[in-house]
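Working notes, structure below.
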Amino acid sequence: MHLNIIEFFLNTSVAIIMLGMGLSLTIEDFKRIKDEPRSVFLGLLNQLILLPIIAMVLIFLLELKGEYAVGLMLVAACPGGATSNLISNLAKGDVGLSVTLTALSSLITVVTIPFIVNFALIKFMSTDAVIQLPYLSIFLKILLITVIPVVLGMFIRAKHEAFARCMKNPVKIASVLLMAAIIIGAVVINKEKLTNALPLIGPAVIGLNILTMLLGFFSGKLLRLKLKQRVSISIECGIQNASLALAVVGMALTQYEELALVPATYGVLMFGIGGLFAGYFARLVTKYSTE
């Protein structure tokens with residue numbers, strides 16, 4: 001019963017976070033796919049393909065084993081979230097692009113998360129058997145806590161724009177606080193295990209954070225994107241939805257209890273690393289504000 005309550009709270013919290021994101025979106029935001037295809041394509045390429053590849057490289061370089069390796073792949077498979085949008089705002093990036101990338105990646109990862117997780121389970125767990133994940137169940141649950149709340153938020157904005165605009169910032173701040181509470185709760189619950197695992201997980205998580213943010217920024221520079229766009233792509237690549245990763249563990253991977261340690265660690269460290277990058281980017285944008 002205790003686990004069911006935690007799972008319910010976690011899923012509800014993720015749904016509220018995604019609803020808040022939906023309140024800041026309109027159909028116009030998705031026109032970026034047509035109007036600014038390079039920035040959207042690059043952001044999705046980095047986040048959906050290159051990020052899991054970097055996670056794989058880190059797993060082999062740092063010799064991560066079992067559930068820690070699968071946990072890192074799960075984090076890499078997740079989309080951005082409310083935190084990435086907030087940090088993009090603090091970093092003076094292109095917030096519209098950040099929100100668009102978060103929304104699009106949230107839609108796509110509903111399909112990709114189950115497959116990446118199953119690949120990681122087969123690859124990194126000590127078994128030769130094909131692990132049968134309930135794909136349809138995971139798909140529907142992720143759809144329920146991510147895509148449907150985003151669509152609902154967009155519908156509310158379309159019908160009651162003044163209300164949505166009024167609620168946009170309070171909900172965004174509440175979403176980040178809620179996300180922080182989820183992650184802190186996971187850390188407290190797993191405190192003993194986390195202390196033992198941190199020397200192994202910490203370098204992998206920090207490496208994933210920093211390398212993906214650098215990838216986002218410099219790949220944008222390679223394509224000669226505007227500075228604000230490069231900033232947002234960097235943050236979208238480096239700040240993943242750790243709450244969703246924890247929710248996936250609760251929904252479908254409860255038998256692999258140590259999986260939760262990686263997103264819990266990632267969730268704590270990403271705030272510090274994201275904050276440092278945001279401070280640097282904000283000064284950079286201010287200095288070169290003509291871009």
[X] versus [Y], closest heavy-atom pair with distance:
{"X": "Val75", "Y": "Pro263", "answer": "CG2-CA, 3.8 Å"}
{"X": "Ser84", "Y": "Thr102", "answer": "OG-OG1, 3.5 Å"}
{"X": "Ala76", "Y": "Ala55", "answer": "CB-CB, 3.7 Å"}
{"X": "Met73", "Y": "Ile59", "answer": "CG-CD1, 3.6 Å"}
{"X": "Ile116", "Y": "Pro52", "answer": "CD1-CG, 4.4 Å"}
{"X": "Leu48", "Y": "Ser105", "answer": "CD2-CB, 4.3 Å"}

Quick one: does any side-chain atom of [X] pair with a main-chain N or O of [Y] as donor and acceptor, under 3.5 Å?
{"X": "Tyr266", "Y": "Gln240", "value": "yes"}
{"X": "Ser98", "Y": "Asp94", "value": "no"}
{"X": "Ser234", "Y": "Gly216", "value": "no"}
{"X": "Gln229", "Y": "Gly220", "value": "no"}

Would a 4.5 Å heavy-atom cut-off, applied to side chains only, mark [X] and [Y] as touching?
{"X": "Leu58", "Y": "Leu64", "value": "no"}
{"X": "Val57", "Y": "Leu211", "value": "no"}
{"X": "Val262", "Y": "Leu74", "value": "no"}
{"X": "Leu244", "Y": "Ile113", "value": "yes"}
{"X": "Tyr280", "Y": "Val231", "value": "no"}
{"X": "Lys92", "Y": "Thr286", "value": "yes"}
{"X": "Cys78", "Y": "Thr109", "value": "no"}
{"X": "Leu51", "Y": "Leu208", "value": "yes"}

Open item on the list: Is there a path of hydrophobic side-chain contacts, each under 4.5 Å between heavy atoms of I/L/V/M/F/W/Y residues, joining Leu44 to Leu222?
Closed with: no
Open item on the list: Check for me, please, whether Leu45 and Leu215 land in the same ILVMFWY cluster - side-chain distances under 4.5 Å, paths through other members count.
Closed with: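 Result: yes, single cluster for both.
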- [ ] Flag the pair Phe281 / Phe217 as yes when their ring centroid distance falls below 6.0 Å, and as no otherwise.
- [x] yes
- [ ] Would you mind telling me which of Thr212, Ile87, Leu101 makes a side chain to side chain contact (heavy atoms under 4.5 Å, CB included) with Ile235?
- [x]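 Looking at Thr212, Ile87, Leu101, the match for Ile235 under the side chain to side chain contact (heavy atoms under 4.5 Å, CB included) is Ile87.
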